[in-house]
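Heads up, the thing below is written out as structure tokens.
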Amino acid sequence: MNTETVKIKQGKTKTTVRISGSEAVVKCLLAEGVDVLYGYPGGAIMPVYDELFKYQDKLHHVLTRHEQGATHAAQGYARISGKVGVVMATSGPGATNLVTGIADAQIDSTPLVCITGQVASHLLGSDAFQETDIVGISTPVTKWNHQITKASEIPEVIAKAFYIAKSGRPGPVLVDITKDAQFEEFNFNYEKCTGIRSYKPVPKTDILSIENAAKLINQAKKPMIIWGQGIILSEAEEQLKAVIEKAGIPSAWTILGASAIPTSHPLNIGMVGMHGNYAPNKLTNECDVLIAIGMRFDDRVTGDLNKYAKQAKVIHFEIDPAEIDKNVKTDVAVLGDAKESLSQLLSLLNENSHPEWHQKFKDLYAIEFEKVIKNDLHPTKEGLTMGEVLNEINMQSKGDAVIVSDVGQHQMIACRYAKFNQTKSNITSGGLGTMGFALPAAIGAKMAAPERDVVAIIGDGGYQMTIQELGTIFQTKVPVKIVVLNNEFLGMVRQWQQLFFDKRYASTEMTNPDFVAIAKGYHIEAKKVIKREELADAVKEMMACKDAYFLEVCVEKEDNVFPMVPSGASVSDIRLE
């Protein structure tokens, strides 16, 4: 190994080491503090994998069974750890298999750095074997991407990739490296990126906007907060809690904001959105000041925008200027990091309690409990419900587990009924709604928080989209708990077919395999529950198991998730049946 000392500005010197581009990639990851990455090898990324082999004691590579599984595992890791998730794949189909997970990370603001191999630079554009334009393909779903054709570019580009992925509103970055750049030698030196000209990831907080927000909140008779994942990403949980307690504001959450404040907190009024709680949805159109914090007014939250909170003054705390006025017109926009903004807001707020306003939420909750919640959690019907399974998990885990849910009816049930005592406990695919997310995401989540129980809640449809990741669990011995709620349907689609398509169940009924036998084939302990009297003992056995565990629970085939805001309807039109 050759070293060289060269002069840089102001008389300083730096020592460079002459190494290959592939070794440089590994050294860059180590310099960024990466200790685990997820991926799948192939021809165009093989030089980097060869170097990874030499650093096995420092960098743990997790071989997933599909590249999409690698992205979701990295998402789960990033969402729990707060670090950047790292993914690696080869060119062509390996790279394109990452795209769904990258798109999921983009819309859910999850920091990923995805490194792909590419054919040699002289073959670019020639339709060479396993060549695809992954930079062009991924441009709409990445925060930034870049193709490297010279080894000397590697340190600077990877440093920028980590900085961009994690700073401001996080997101996925893709770095594509040609094979010849991986072999080429150069004088390596690594410096972390601390800023990029013209890129301002965190807008400067304007104290005037915070003062205007405080004035509206102090004057409000019926204020309401909706918080999103921005609270968790900025680590502003304590600041949010202090604000809502001082001002006495009923506060609801989007599905990605769940767990920022404990479920049991008296000012936590539940979930907004299509299958959210009755009171916060209904009273969105009665509040006089609506305070949105770290959320983007997604269509599943707002319903018909023409009938959304028209009576309210809207305050929007947001780090991304592009989200201001994008969907909902704001009266006061507070740009900046939520932690800093809420800290400044707190001292300007008056003590308040709003007892009559709170009573309205309690009254509507009582209606929802009688018509929906009671039947979900304590059913009198013969068949098991998804809600009672979640209720049993709550009791066994005491609200301390990480719940990783897939997409569908079970996701809405999990988000509605899971109990959370601590932040970063709810991991799910929000904006993209990616079936197959939960199983690999649970692997990454457990690796990020080995001391916590991680329970994946999955439907029988989504489970089969990434069921091959049982092989990753078997090989890595990651002790995740897997619960498949089996109704032998693509349940959410079937619900819409029942309600809006006259029960024409087109291509939604599932003929499923023996899930328990498959799990046992991967040497994972497994059990199937059919009867109610079996449920408690089965969940207890699962939670007590020190290894991975698979639990299949056969639930009612045609149960629906309520409340429900019909697509395109106003949140005031929320249905309880």
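- Remark: the backbone N or O of Val555 is not paired with any side-chain donor or acceptor of Asn487 at under 3.5 angstrom.
- The closest side-chain heavy-atom distance from Lys557 to Phe489 is below 4.5 Å.
- Between the side chains of Asp288 and Gln311, no donor N or O sits under 3.5 Å from an acceptor N or O.
- Side chains of Thr385 and Asp376: a donor-acceptor N/O pair is absent below 3.5 angstrom, by distance only.
- At a threshold of 4.5 Å between non-hydrogen side-chain atoms, the residues Pro280 and Met224 count as touching.
- Between Glu370 and Lys374 there is a salt bridge, with a side-chain nitrogen of the basic residue lying less than 4.0 Å from a carboxylate oxygen of the acidic one.
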Item to check | Evaluation steps, side chain to side chain contact (heavy atoms under 4.5 Å, CB included), between Ile315 and Leu290 | outcome: CA-CA 6 Å; Ile315 303 168; Leu290 180 62; over 6 Å; no

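- Atom NZ of Lys326 sits in a crowded spot, with more than 12 heavy atoms from other residues, nucleotides or ligands closer than 6.0 Å.
- Side chain of Asp133 to backbone of Gly136: a donor-acceptor contact under 3.5 angstrom is found.
- A salt bridge does not link Lys241 with Glu237: none of the charged nitrogens is closer than 4.0 Å to a carboxylate oxygen.
- Using modelled atom types, no side-chain atom of Asp573 and backbone atom of Pro566 make a donor-acceptor pair closer than 3.5 Å.
- Of the candidates Asn145, Thr110, Val87, Val141, Ile102 forms a side chain to side chain contact (heavy atoms under 4.5 Å, CB included) with just one, namely Val141.
- At distances below 3.5 Å, not a single donor-acceptor pair connects side-chain atoms of Gln495 with backbone N or O atoms of Glu558.
- Ion pair Glu238/Lys339 not flagged as a salt bridge, since none of the NZ, NE, NH1 or NH2 atoms sits closer than 4.0 Å to an Asp/Glu carboxylate oxygen.
- Side chains of Asn512 and Glu488: a donor-acceptor N/O pair is absent below 3.5 angstrom, by distance only.
- The pair Arg296-Asp298 counts as a salt bridge, with a side-chain nitrogen and a carboxylate oxygen less than 4.0 angstrom apart.
- The main-chain N or O of Ala506 is found under 3.5 Å from a side-chain atom of Gln497 such that the two form a donor-acceptor pair.
- In terms of heavy atoms, Pro250 sits closest to Trp357 at CG-NE1, 3.4 Å.
- Between the side chains of Ser425 and Ser259, not a single donor N or O lies within less than 3.5 Å of an accepting N or O.
- In this structure a side-chain-to-backbone donor-acceptor pair under 3.5 Å is missing from Thr434 to Phe437.
- The main-chain N or O of Gly387 is never found under 3.5 Å from a side-chain atom of Asn391 such that the two would form a donor-acceptor pair.
- Side-chain polar atoms of Gln464 and Asp460 form no donor-acceptor pair below 3.5 angstrom.
- Not less than 6.0 angstrom separates the ring centroid of His72 from the ring centroid of Tyr38.
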Item to check | Audit row: Met295, Gln229, side chain to side chain contact (heavy atoms under 4.5 Å, CB included) steps and yes/no | outcome: CA-CA 7 Å; Met295 56 85 78; Gln229 189 187 201; over 6 Å; no

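- Pairing each heavy atom of Asn281 with each of Ile574, the nearest pair is ND2-CD1, 3.5 Å.
- Heavy atoms only, all atoms of each residue included: Ala165 and Lys143 are closest at O-NZ, 4.5 Å.
- Side-chain contact between Ile457 and Val404 is absent, with no heavy-atom pair separated by less than 4.5 Å.
- Rounded to the nearest 0.5 angstrom, Leu390 CG and Tyr417 OH are separated by 9.5 Å.
- Using a 4.5 Å heavy-atom threshold, the side chains of Val173 and His146 count as separate.
- Put simply, the side chain of His358 gets close to the backbone of Gly248: a donor and an acceptor are under 3.5 Å apart.
- Of the options Ile196, Ile164, Leu174, a side chain to side chain contact (heavy atoms under 4.5 Å, CB included) to Trp144 is made by Ile164 and by none of the others.
- Aromatic ring orientation, Trp253 versus Trp227: tilted (interplanar angle from 30° to 60°).
- Counted by atom type alone, Ser570 and Asp304 present zero donor-acceptor pairs between their side chains at under 3.5 Å.
- Two residues are said to be in side-chain contact when any heavy atoms from C-beta on lie closer than 4.5 Å; Leu112 and Val86 fail this criterion.
- Side-chain contact, Glu323 with His316: no donor N or O sits under 3.5 Å from an acceptor N or O.
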Item to check | Residues Asn426, Cys415; criterion side chain to side chain contact (heavy atoms under 4.5 Å, CB included); working and verdict | outcome: CA-CA 8 Å; Asn426 178 60; Cys415 290; 4.0 Å; yes

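- Looking at Asp406, its side chain never comes within 3.5 Å of a backbone N or O of Gly459 through a donor-acceptor pair.
- Among Asp559, Thr508, Asn560, the one residue that satisfies the side chain to side chain donor-acceptor pair (under 3.5 Å) test with Arg494 is Asn560.
- Heavy-atom minimum distance, Asn352 versus Ala247: CB-O, 3.4 Å.
- No side-chain donor-acceptor contact under 3.5 Å links Asp104 to the backbone of Leu432.
- Ring orientation note: the planes of Phe369 and Tyr365 are tilted relative to one another, at an angle of 30° to 60°.
- By the 6.0 Å contact criterion, OH on Tyr505 is enclosed, its count of non-hydrogen atoms from other residues, nucleotides or ligands being greater than 12.
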